[in-house]
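Everything on this sheet refers to the single structure shown next.
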Amino acid sequence: AAGTLCPADPLIAHEQGVVALKVRQLAGAEVHFTHALQMASGGLSAEWHPTWLALGHTLRKLHRWDEAAAALLTAHRLLPGQPATHVALGYTYQLQGKLHEAV
């Protein structure tokens, strides 16, 4: 309903992505997170860290590890020092077999 009322609101698109991720509709989650970042002019400020992080988790669950790592690295650049970002990035590297980077 909120997406219908405010289709150009990136925060609503983010929340739609969160809901889709929660119910394991991964393709839909990716669409919503990507759309949110596009509406937010690329989402290149610290306030969009959660969206980049969620996109990274979504892409990892889709086994698109290179794209997941890129999203997580963007999240890290926007807000360095966040433990959740480091853990997600390390886990993604582990799944890729990049054990040196994972540590």
Side-chain angles (χ1 to χ4, degrees):
T4 304
L5 293 173
C6 299
D9 187 335
L11 295 176
I12 291 174
H14 169 88
E15 292 305 321
Q16 289 173 315
V18 170
V19 171
L21 182 58
K22 179 79 173 165
V23 298
R24 302 209 39 89
Q25 293 177 351
L26 301 177
E30 178 191 3
V31 168
H32 289 301
F33 292 135
T34 302
H35 187 64
L37 293 167
Q38 289 170 343
M39 287 190 288
S41 300
L44 295 177
S45 62
E47 69 184 317
W48 293 104
H49 172 270
T51 306
W52 283 105
L53 182 61
L55 178 60
H57 284 302
T58 301
L59 293 167
R60 176 181 46 80
K61 291 179 181 195
L62 288 167
H63 297 184
R64 291 166 47 194
W65 297 311
D66 289 337
E67 293 170 85
L72 294 167
L73 284 170
T74 299
H76 174 68
R77 281 192 297 276
L78 295 176
L79 202 58
Q82 295 298 306
T85 307
H86 286 282
V87 170
L89 190 55
Y91 183 47
T92 301
Y93 285 146
Q94 179 187 4
L95 291 169
Q96 290 178 292
K98 296 179 178 180
L99 302 181
H100 184 71
E101 290 93 336
V103 179

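A distance of 10.5 Å separates CG in L55 from NE2 in H57, rounded to the nearest 0.5 Å. Atom CG of L72 and atom NE2 of H86 lie 11.0 Å apart (nearest 0.5 Å). With values rounded to the nearest 0.5 angstrom, E47 atom CD is found 7.5 Å from L11 atom CG.
Under the 4.5 Å side-chain criterion, counting only non-hydrogen atoms from C-beta, L53 is not in contact with Q82. L78 has its side chain within reach of T74: a pair of non-hydrogen atoms, C-beta onward, lies under 4.5 Å apart. For the pair T85/L79, no side-chain contact is recorded, criterion being any heavy-atom separation below 4.5 Å from C-beta on. Two residues are said to be in side-chain contact when any heavy atoms from C-beta on lie closer than 4.5 Å; E101 and Q96 fail this criterion.
Summarising the geometry of A68 relative to G56, their closest heavy-atom pair is CB-O, 3.4 Å, with the distance given to 0.1 Å. Looking at every heavy atom in both residues, A29 comes nearest to G17 through CB-O, 3.6 Å. For the pair R60 and Y91, the tightest heavy-atom approach, listed with the atom from each and the gap, is NH1-CE2, 3.4 Å. Here the closest heavy-atom approach between residue A8 and residue P10 is recorded as O-CD, 3.3 Å. When all heavy atoms of A69 and T92 are compared, the pair lying nearest together is N-CG2, 4.0 Å. Summarising the geometry of A13 relative to H32, their closest heavy-atom pair is O-CB, 3.3 Å, with the distance given to 0.1 Å.
Relative ring orientation between H14 and F33 is described as tilted, the plane-to-plane angle lying within the 30° to 60° band.
Side-chain heavy atoms closer than 4.5 Å link hydrophobic residues (I, L, V, M, F, W, Y) into clusters, and following such links, even through other members, never connects L21 to V19. The hydrophobic clustering, which links ILVMFWY residues whose side-chain heavy atoms are closer than 4.5 Å, places L89 and W52 apart. At a threshold of 4.5 Å between side-chain heavy atoms, the hydrophobic network of Ile, Leu, Val, Met, Phe, Trp and Tyr places L62 and W65 in two separate groups. With hydrophobic clusters built from ILVMFWY side chains whose heavy atoms lie under 4.5 angstrom apart, L44 shares a cluster with L37. Under a hydrophobic clustering in which Ile, Leu, Val, Met, Phe, Trp and Tyr are joined whenever their side-chain heavy atoms come within less than 4.5 Å, directly or via other members, V18 and L26 fall into the same cluster.
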Worked verdict on H35 versus Q16 for side-chain contact (heavy atoms from CB on, under 4.5 Å): CA-CA 10 Å; H35 187 64; Q16 289 173 315; over 6 Å; no
